[in-house]
Asks: 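Before we start, here is the structure in question, set down as structure tokens.
Hydrogens, waters and symmetry mates play no part in the numbers below; they use all other heavy atoms, side chains included.
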Amino acid sequence: MLFIHSYYCNVTIITYTCIESSLCIIKLMKIHKKMSNMEIAELLRAVASALQLKGASENKFRIIAYQRAADAIEHLSSEAKDVYDEGKLTEIAGIGESIASHLGEIFKSGKSKHFSSIMKDLPPSMFELTKLPGIGAKRAHKLATELKITSDKNAIKRLEKAAKQGRVSHLEGMGELTTEAIQKSIKEVKGRTNRLLLPYAEKIAFEVIEWLKKDKNNKRIDVLGSLRRKAATVGDVDIAVATTDLKGSLDRFTKYPNKSRVLERGSRTASIIIPGNRQVDLMVTDLDSYGSLLQHFTGSKHHNIALRDFAKKKGLSLSEYGINKTDTNKLTKFKKEDDFYKHLGLEWIPPELREDTGEIEAAKESKLPKLIQLKDIKSDLQIHSDFDIETSHDIGESSMLEIAQKAETLGYEYIAFTEHNPSKSGHNEAQIIDLIKRKKEAVSKIKSKVKTYNALEIDILPDGSLSVPEKGLLLLDFVTVSIHSSFKQDREKMTKRVIRALSYPNVKIFTHPTGRKIGHRESIELNWPEVFEICKKKDIWLEINADSMRLDLPSLLVRDAIKAGVKLTLGTDAHYKAGMDNMIYGIDVARRGWATKADIVNTRSLSEFEKMLNSKQ
DNA sequence: GCCGTTTTCGGCCCGACTGTTTTCAGTCG
């Protein structure tokens, strides 16, 4: 795992990390009562693979249905088990009566007769082998049976050995090149960090784009895929180029100096591997079709499938080349992406919304939200200065004055200092109060055009009490609360804990509410509808933490919160002044959660914000 | 197996690339 702090990337300092590979920690697939969404998704994909082996005798759309169901479960904002308990599994798009009943059986009894019978005669190893790029169900099955690799334990390792011994190339339909491809795949999967955090993916793309820009025939260059949609994590880095010389553009790309090897090279696309076993893909086209290409490769897959379904009903067929009128077979090309959408009778849909969660219907009715932008932000509501408040957590590295000056350059009107509370074990109540008073005084002495608030980020203890006495809470301009311990409490206990914490006086923001650290720590379990209700009632705001490893609230919950009428704040959680530049990653999350300017508190002017603060319950 | 602006039955996105093939299968996005 790569872990680098304070990496300088052009205009901003970012902290980034690669995420541990889930493939390194191969979990054996077992059906049990408390299956997580990830495990269920894996199970449903295994069922799809099993069905695939039946070939022509199997309805291929049944296979696709299982794959879609797997995606649907994986992208849920709450645990499937909880949805089941509420009797709402079939309300999930992609889950019908049949799959819902099989999942129900699993949650009830820890077993599934149906799924077990589908996979009964198949070697468990094949489901491990399908995790290798280039190995689908059929090859996995062939390899597993012919090479007599049956157990899922060490399946990949055993395949590697067989390939080395030349036993793979003897199999029908697999030659030397297939053997080589398998060996490379294994090597890459072993060393692969699964998905990249957004800033790191942006940095890779930035460097490749700089290289491509030197070819004057490359007229337009954009990122594609999840990177363009600003997803929290990115798999492969995809780039589009509009050029007057397709071949020349691909040539330049495959000669990228910082590559490990060229993975593939066609007449319209090429892929390279860069150090870290990261794949970068290039798609080239002429200028006339650039809009269509951008649309196609921005995805998401689900958005495109839904869009094609929508087009088909109008007698149109979509591809990266343009829109084809089915009856006349006439292709219309698009230079600009918004013309592509217009041709379908839709508003241009911002990439962040392209996940097939209602954006096509909204675009049709011209009801897409006017998404928040970085320039709307007038404040950063979570910053840690170097004021020594004697906390057991980390303190900041920049002074209050430096931070205020930085806020001025960002054009902010106000900011909040939200250092962690003084350690509870090292101080008695009087000492905690004294430290808060001293901090208050320090804040009051800052000379800046920017209004500075004296707040704190206070621990929610395991029982839901706060680590600062009530008298201390009232000395602050406002209180932010968050969980920094006992993340594993069950849903009921955690919900009670959070609701108790939110009931203390002067609590205004629940910061990084899920506590997740992408690739390192799962979200806490919480009854979100209940928490939303309390927040709305007590006018407490939920933070979207812009730290790229947190991005918390996640975008799905952002959308749920907005629907529930809850207001949100953005905070960088900066521990050094340059960290305040990370606000853009919070904006990305907010946009993916369909947030408008009105939904985010710190788009308000200082006077409006003051009013909101003072309308305490 | 899922789902409904043509539908409770009959559809279900579309094309590129590779390898092992002589016209296609498998995989990917």
Asks: Please state how far atom CG in A:Leu282 lies from atom P in B:dA16, giving the value in whole angstrom units.
Replies: 16 Å
Asks: Below 30° counts as parallel, above 60° as perpendicular, anything between as tilted: where do the rings of A:Tyr84 and A:Phe107 land?
Replies: tilted
Asks: Expressed in whole Å, how much space separates the P atoms belonging to B:dC14 and B:dC2?
Replies: 22 Å
Asks: Determine the Euclidean distance between corresponding P atoms of B:dC17 and B:dG11; express it in Å to zero decimal places.
Replies: 32 Å
Asks: Between B:dG1 and B:dT5, how far apart are the two C1' atoms, rounded to whole Å?
Replies: 23 Å
Asks: Please state the P separation for the pair B:dT21 and B:dT27 - nearest whole angstrom.
Replies: 15 Å
Asks: Under 4.0 Å between a side-chain N/O of A:Ser317 and OP1 or OP2 of B:dC14, yes or no?
Replies: yes
Asks: Side chain of A:Lys313 only, heavy atoms from C-beta on: which candidate in B:dG15, B:dC3, B:dT7 is closest?
Replies: B:dT7
Asks: Would you classify A:Lys142 as touching base, sugar-phosphate or nothing, given that sugar-phosphate means primed atoms plus P, OP1 and OP2, and contacts are heavy atoms under 4.0 Å?
Replies: nothing
Asks: List every contact pair, protein side and nucleotides 8-12 of chain B side both N or O, where the distance is under 3.5 Å.
Replies:
residue : atom : partner  : partner atom : Å
B:dC12  : OP1  : A:Lys312 : NZ           : 2.8

Asks: Using whole Å, report how far CG of A:Leu318 lies from C1' of B:dA16.
Replies: 17 Å
Asks: What's the shortest heavy-atom distance between A:Glu128 and A:Ala155, and which atoms?
Replies: CB-CB, 4.0 Å
Asks: List in chain and number order the residues that pass ring pair (Phe, Tyr, Trp, His ring centres under 6.0 Å) with A:His114, two or more places apart in sequence or in another chain; answer none if no residue qualifies.
Replies: A:His102
Asks: Hey, is the side chain of A:Thr269 poking within less than 4.0 Å of OP1 or OP2 on B:dC17, counting only N and O atoms?
Replies: yes
Asks: Cut-off 3.5 Å, side chains only: do A:His32 and A:Glu39 have a donor facing an acceptor?
Replies: yes
Asks: Quick one: do the A:Ser300 and A:Arg354 side chains pair a donor with an acceptor below 3.5 Å?
Replies: no
Asks: For A:His303 and B:dC14, what is the distance between atoms NE2 and P respectively, to the nearest whole Å?
Replies: 15 Å
Asks: Does B:dT8 pair with anything, Watson-Crick or G-U wobble, both distances under 3.5 Å, and if so, with which nucleotide?
Replies: none
Asks: Would you kindly give the CD1-to-P distance between A:Ile360 and B:dT5, to the nearest whole Å?
Replies: 13 Å
Asks: Side chains of A:Ser249 and A:Asn218: any donor to acceptor distance under 3.5 Å?
Replies: yes
Asks: Measure the distance from CG on A:Asp71 to P on B:dC13 and round it to the nearest whole Å.
Replies: 14 Å
Asks: At under 4.0 Å between heavy atoms, which parts of nucleotides 20-29 of chain B does protein reach? Answer with one letter per nucleotide, 5' to 3': B base, S sugar-phosphate only, - none.
Replies: S-----SSSS
Asks: When rounded to the nearest 0.5 angstrom, what distance separates CD in A:Glu264 from CG in A:Asp281?
Replies: 7.0 Å
Asks: Can you measure A:Gln67 atom CD to B:dC2 atom P for me and round it to whole angstrom units?
Replies: 14 Å
Asks: Using the C1' atom as the reference point in each nucleotide, state the distance between B:dT23 and B:dT18 in Å, no decimals.
Replies: 15 Å
Asks: Distance only, no hydrogens: is a donor on one side chain within 3.5 Å (strictly under) of an acceptor on the other, for A:Arg516 and A:Ser523?
Replies: no
Asks: Would you mind writing out the side-chain donor-acceptor pairs for residues 357-369 of chain A within the sub-3.5 Å range, not counting sequence neighbours?
Replies:
residue  : atom : partner  : partner atom : Å
A:Thr357 : OG1  : A:Arg559 : NH1          : 3.0
A:Glu359 : OE1  : A:Asp356 : N            : 3.2
A:Glu359 : OE1  : A:Thr357 : N            : 2.7
A:Glu359 : OE2  : A:His303 : ND1          : 2.7
A:Glu359 : OE2  : A:Glu355 : N            : 3.2
A:Glu359 : OE2  : A:Asp356 : N            : 2.6

Asks: Given B:dC17, B:dT5, B:dA16, identify the nucleotide with an atom nearest to the side chain of A:Glu320.
Replies: B:dA16
Asks: Any salt bridge linking A:Lys313 with A:Asp309? Criterion: basic side-chain nitrogen under 4.0 Å from a carboxylate oxygen.
Replies: yes
Asks: To the nearest Å, give me how far apart CG (A:Leu263) and P (B:dC17) are.
Replies: 13 Å
Asks: A:Ile73 CD1 to B:dG1 C1': how many Å, rounded?
Replies: 14 Å
Asks: Using the P atom on both, measure B:dG15 against B:dT7 and round to a whole Å.
Replies: 27 Å
Asks: Can you name the closest pair of heavy atoms from A:Ser116 and A:Ile31 and give their distance?
Replies: OG-CD1, 4.3 Å
Asks: Looking at A:Lys148, is its backbone amide N or carbonyl O close enough to the side chain of A:Arg158 to form a donor-acceptor pair, meaning the two atoms are under 3.5 Å apart?
Replies: yes
Asks: Considering only atom C1', compute the distance from B:dA16 to B:dC9 and round it to an integer number of Å.
Replies: 34 Å
Asks: Looking at A:Tyr321, does any N or O in its side chain come under 4.0 Å of the phosphate oxygens OP1/OP2 on B:dC14?
Replies: no
Asks: Counting any heavy atom closer than 4.0 Å, what does A:Ser271 reach on the DNA or RNA strands: base, sugar-phosphate only, or nothing?
Replies: nothing
Asks: On a whole-Å scale, what distance lies between the P atoms belonging to B:dC12 and B:dT6?
Replies: 13 Å
Asks: Kindly state which residues belonging to residues 95-118 of chain A come within less than 4.0 angstrom of DNA chain B, counting heavy atoms of the residue only, listed by number.
Replies: A:Ile95, A:Gly96, A:Glu97, A:Ser98, A:Ile99, A:His114
Asks: Please table the atom pairs, donor to acceptor, closer than 3.5 Å between any side-chain atom in residues 85-94 of chain A and protein atoms at least two apart or in another chain.
Replies:
residue : atom : partner : partner atom : Å
A:Asp85 : OD1  : A:Lys81 : NZ           : 3.3
A:Asp85 : OD2  : A:Lys81 : NZ           : 3.2

